[in-house]
Amino acid sequence: MGQREGAAGLTTHAPQAAQAVTLPTTLDEAVTALTAMPAAVPVAGGTDLMAAVNSGQLRPAALVGLGRISEIRGWQYQDGHALLGAGLTHARMGRPDFAALIPALAASARAAGPPQIRNAGTLGGNIATASPTGDALPVLAALEATLIIAGPGGARREIPVSHLLAGMEMLRAGELIGFVRVPLLHAPQVFLKATGRTGPGRAMASVALVLDPARRGVRCAVGAIAPMPLRPLDAELWVGRLIDWDNNRALVPEALQAFGEYVAAACIPDPAPEADGSVPQLPPGVLHLRRTVAALARRALGRALS
């Protein structure tokens with residue numbers, strides 16, 4: 001999937017039909033097509049593309065369709081990881097066999113929207129579009145997933161998904177997201193989201209939480225409240241030390257409550273003090289969002305430990 005799948009090259013011009021459509025059958029053919037047509041837009045499910053076209057934001061000069069590339073539509077096991085094709089749809093990831101593999105990612109896929117969105121939208125498109133409300137993004141951040149990028153001449157390189165979402169590394173000309181490598185932790189994982197009034201299925205806030213018993217750690221990522229998923233690393237370390245990993249992962253209720261508050265304060269901090277030393281109050285809407293994040297984080301950890 002290309003950077004900003006269906007959303008690259010935003011303009012204010014009225015939409016018009018693409019001048020050319022290319023339908024490659026392999027990842028390398030798709031890269032070759034994008035290299036030959038730098039203005040082309042890669043498209044898989046097209047959920048974001050059509051929204052941009054219909055709103056008049058995008059006028060693609062050409063399209064490179066990725067729907068016929070079978071190699072990126074499934075997954076395989078590889079050295080303790082799952083290698084997920086970027087063309088996996090949300091509907092496919094929501095099925096029971098996938099849920100047994102990566103439960104939190106399956107839960108986010110089932111929450112991605114109505115059936116027509118889940119049937120069309122893809123994992124790679126969710127990453128490339130990088131919408132703050134993308135449900136898969138906090139899960140991938142918490143799992144510390146990496147991306148395998150396909151480039152010209154058969155080149156492949158690997159980058160952390162967090163680097164792409166944060167803009168630390170960008171896709172180069174002609175590159176596509178081919179696969180997503182996810183470590184298989186064989187431990188509880190949870191994805192929760194609150195939709196509020198932001199639209200059908202669209203997250204106001206979301207939390208992904210995974211346990212890593214081998215490292216005796218907790219990984220948490222908060223989505224939808226910032227341009228990219230946020231990792232409250234200090235909160236993760238703090239609660240990881242309090243869990244009794246040798247006694248059914250026990251944790252006192254007070255610590256569970258405090259973890260939620262810790263995560264929320266880390267992601268939505270208090271305003272800086274004024275010159276006179278007074279601390280301004282957060283607006284009511286922001287306070288409500290912070291309480292929502294605290295509740296989601298608390299519930300996610302509680303479910304993971306239960």
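Worth saying up front: this structure is predicted, and the values here are computed from it rather than measured.
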Kindly write out the residues that satisfy side-chain hydrogen bond (donor to acceptor under 3.5 Å, both in side chains) with D234, not counting sequence neighbours, or none if the list is empty.
none
Counting C-beta onward and ignoring hydrogens, is there a side-chain heavy-atom pair between L209 and F259 closer than 4.5 Å?
yes
Counting only heavy atoms from other residues, nucleotides and ligands, does the tally under 6.0 Å from CD of E158 exceed 12?
yes
Sidechain N-carboxylate O distance under 4.0 Å for R110, D135:
no
Could you tell me which residues satisfy side-chain hydrogen bond (donor to acceptor under 3.5 Å, both in side chains) with E71, sequence neighbours excluded, listed by chain and number?
none
Taking salt bridge (charged side-chain N to carboxylate O under 4.0 Å, His left out) as the test, write out the residues that go with R241, two or more places apart.
none
Side chain to side chain contact (heavy atoms under 4.5 Å, CB included) with V180: which of L147, V161, N126?
L147
side-chain hydrogen bond (donor to acceptor under 3.5 Å, both in side chains) partners for D97, two or more places apart:
R92
Please name the pair of heavy atoms, one in L105 and one in Q189, separated by the smallest distance, quoted to 0.1 Å.
N-OE1, 4.5 Å
Identify whether L237 and I243 are in the same connected component of the hydrophobic contact network (ILVMFWY, side-chain heavy atoms under 4.5 Å).
no
For L287 against L282, the heavy-atom pair lying closest together:
CD1-O, 3.6 Å
So if you build clusters from Ile, Leu, Val, Met, Phe, Trp, Tyr with side-chain heavy-atom gaps below 4.5 Å, do I177 and M168 land together?
no
Would you indicate whether R157, at its atom CZ, is surrounded by more than 12 heavy atoms from other residues, nucleotides or ligands within a distance under 6.0 Å?
yes
Salt bridge flag under 4.0 Å for residues R298 and E261
no
Taking everything shown except R68 itself, do over 12 heavy atoms lie less than 6.0 Å from its CZ?
no
Sorted by chain and residue number, the side-chain hydrogen bond (donor to acceptor under 3.5 Å, both in side chains) partners of Q76 (sequence neighbours excluded) come out as none
Closest contact, heavy atoms only, E175 versus G151
CG-CA, 4.0 Å
Check residues 216-224 and write down every donor-acceptor pair under 3.5 Å in which the side-chain atom is one partner and the other belongs to a residue at least two apart or another chain.
residue : atom : partner : partner atom : Å
R216    : NH1  : D246    : OD2          : 3.3
R216    : NH2  : D246    : OD1          : 2.6
R216    : NH2  : D246    : OD2          : 3.3
R219    : NH1  : L143    : O            : 3.1
R219    : NH2  : D212    : OD2          : 2.7

Can you hop from V252 to L301 via hydrophobic side chains spaced under 4.5 Å?
no
Between L83 and I148, is there a side-chain heavy-atom distance shorter than 4.5 Å?
yes
Can you tell if the side chain of R299 reaches within under 4.5 Å of the side chain of L192, non-hydrogen atoms only?
yes
V207 vs F191 side-chain heavy atoms within contact, under 4.5 Å
no
